[in-house]
Amino acid sequence: MPKAKGKARRQKYSYSLNRKRLYRSARRRAAPRIACSHIRHAWDHTKSVAQNLAEMGLAEDPNKAVPIPKKKMLGMEVEGVGWKQGKKIVRKPYVVTEMEYEASLPEKKSNTLSRDLIDYVRYMIQNHGENYKEMARDEKNYYQDTPKQIKRKINVYKNFYPEEYKDFIASLKQEKMDVQ
C-alpha cells in the first residue's frame, strides 16, 4: 500500500505562533495534584492556591508562617524585616481539625517478615538451638550466612513476633520433655 502523503513531509516551524502564551494558559488551567483527601474535598478550583490554603487555615509559604529569629552578629543586633501578620478568615476550619485528628492516630506497624525468612529461622532454632556455628554449616543455609548474620536474623524475628517466638520456644521445650 502507498504511504499517506502528509506523513513524509517535514513539518514547518511557525514563527508567528506564540508558544509562551500557550504554555502559560495550559499551566493555569491544570489543577494541582493534591495528596491529602481532606484538602482535595475542600478545594475550590475557581480560586488560586493561596486563596484556597488561606480559607483552610493553612500556610502557603512556611518561611512566612514561622519566621526565623535573627541572630546577633558581632555584638550588634540585626533587626528583622517587620513582617506583620494580618487577620485571616478561616472559612473551612474542619480541614485542619481532620488533619490534626488523622496525625494524632497511632501509627500501625506494617513491618512484616517474609514467610521464607520465618520458616528459615524456625528451622534453624528447631534443629540447632542456640548454636550459630552449626547453623552456618547447615545445608539449608542457602545464602551461606555467617553465624552473626544468622543471629541477627533470629533477633529480628524475636523483635517482630515476640509472642510467636515465645510460643515456639515453649513448644520446643514441650517436645523435648515428651521425648525424654
Side-chain angles (χ1 to χ4, degrees), residues 14 17-126 142-143 145-146 148-172:
S14 176
L17 186 64
N18 187 354
R19 284 175 179 75
K20 286 185 181 178
R21 195 169 73 206
L22 284 174
Y23 177 70
R24 264 192 244 123
S25 63
R27 275 186 55 208
R28 227 181 272 134
R29 275 185 262 126
R33 291 186 144 215
I34 304 167
C36 181
S37 64
H38 307 298
I39 296 174
R40 189 181 307 119
H41 293 302
W43 196 266
D44 185 4
H45 293 285
T46 60
K47 296 181 181 176
S48 70
V49 174
Q51 290 171 338
N52 271 309
L53 292 176
E55 278 187 354
M56 293 178 212
L58 300 172
E60 179 190 11
D61 187 6
N63 295 325
K64 290 182 182 175
V66 183
I68 299 171
K70 299 293 180 181
K71 296 179 182 177
K72 292 183 180 180
M73 298 176 72
L74 301 172
M76 296 174 57
E77 284 191 30
V78 178
E79 293 183 23
V81 178
W83 184 73
K84 296 174 185 171
Q85 188 174 11
K87 282 193 172 183
K88 294 181 181 176
I89 299 170
V90 180
R91 293 191 177 130
K92 300 174 185 176
Y94 60 90
V95 174
V96 175
T97 55
E98 288 173 354
M99 288 174 67
E100 285 174 349
Y101 171 73
E102 195 174 296
S104 69
L105 293 175
E107 190 175 327
K108 294 178 184 175
K109 283 189 176 180
S110 62
N111 297 341
T112 57
L113 297 177
S114 67
R115 190 74 234 165
D116 292 338
L117 182 64
I118 293 171
D119 293 340
Y120 172 76
V121 167
R122 292 178 128 222
Y123 170 82
M124 290 296 183
I125 293 172
Q126 191 172 7
Y142 299 123
Y143 297 110
D145 293 329
T146 63
K148 279 190 175 183
Q149 289 172 326
I150 295 171
K151 185 176 182 179
R152 200 175 303 125
K153 286 182 181 181
I154 291 172
N155 286 336
V156 166
Y157 175 70
K158 286 179 189 177
N159 292 336
F160 274 65
Y161 305 104
E163 293 86 22
E164 190 178 313
Y165 177 77
K166 288 176 187 175
D167 295 340
F168 179 64
I169 296 297
S171 70
L172 286 178

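- Counting heavy atoms from C-beta outward, Ile169 and Ile125 have side chains that approach closer than 4.5 Å.
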Q | Worked check of side-chain contact (heavy atoms from CB on, under 4.5 Å) between Ile118 and Tyr123 | A | CA-CA 9 Å; Ile118 293 171; Tyr123 170 82; over 6 Å; no
Q. Do Leu113 and Val121 pass the side-chain contact (heavy atoms from CB on, under 4.5 Å) test, and can you show the C-alpha distance, the side-chain angles, and the key distance before you say yes or no?
A. CA-CA 11 Å; Leu113 297 177; Val121 167; over 6 Å; no
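- Taking all atoms of both residues into account, the shortest heavy-atom contact from Lys64 to Pro67 is O-CD, 4.0 Å.
- Atom CZ of Arg91 sits in a sparse spot, with 12 or fewer heavy atoms from other residues, nucleotides or ligands closer than 6.0 Å.
- Residue Met56 comes nearest to Val96 through the heavy atom pair O-CG2, 3.0 Å, listed as atom of the first residue, atom of the second, then distance.
- Taking all atoms of both residues into account, the shortest heavy-atom contact from Lys92 to Asp44 is NZ-CB, 4.4 Å.
- Taking NE2 from His38 and OH from Tyr94, the interatomic distance works out to 11.0 Å, rounded to the nearest 0.5 Å.
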Side-chain donor-acceptor distances from residues 153-160 under 3.5 Å, at least two apart:
residue, atom, partner, partner atom, Å
Lys153, NZ, Asp145, OD2, 2.7
Asn155, ND2, Lys151, O, 3.4
Tyr157, OH, Arg122, NE, 3.2
Tyr157, OH, Glu164, OE2, 3.0
Asn159, ND2, Asn155, O, 3.3

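- Expressed to the nearest 0.5 Å, how far NZ of Lys148 lies from CD1 of Ile150 amounts to 13.5 Å.
- Summarising the geometry, atom CG belonging to Leu53 is positioned 7.0 Å from atom CD1 belonging to Ile39; distances are rounded to the nearest 0.5 Å.
- The minimum heavy-atom distance linking Ala42 with Val95 is given by the pair CB-CG2, 3.5 Å.
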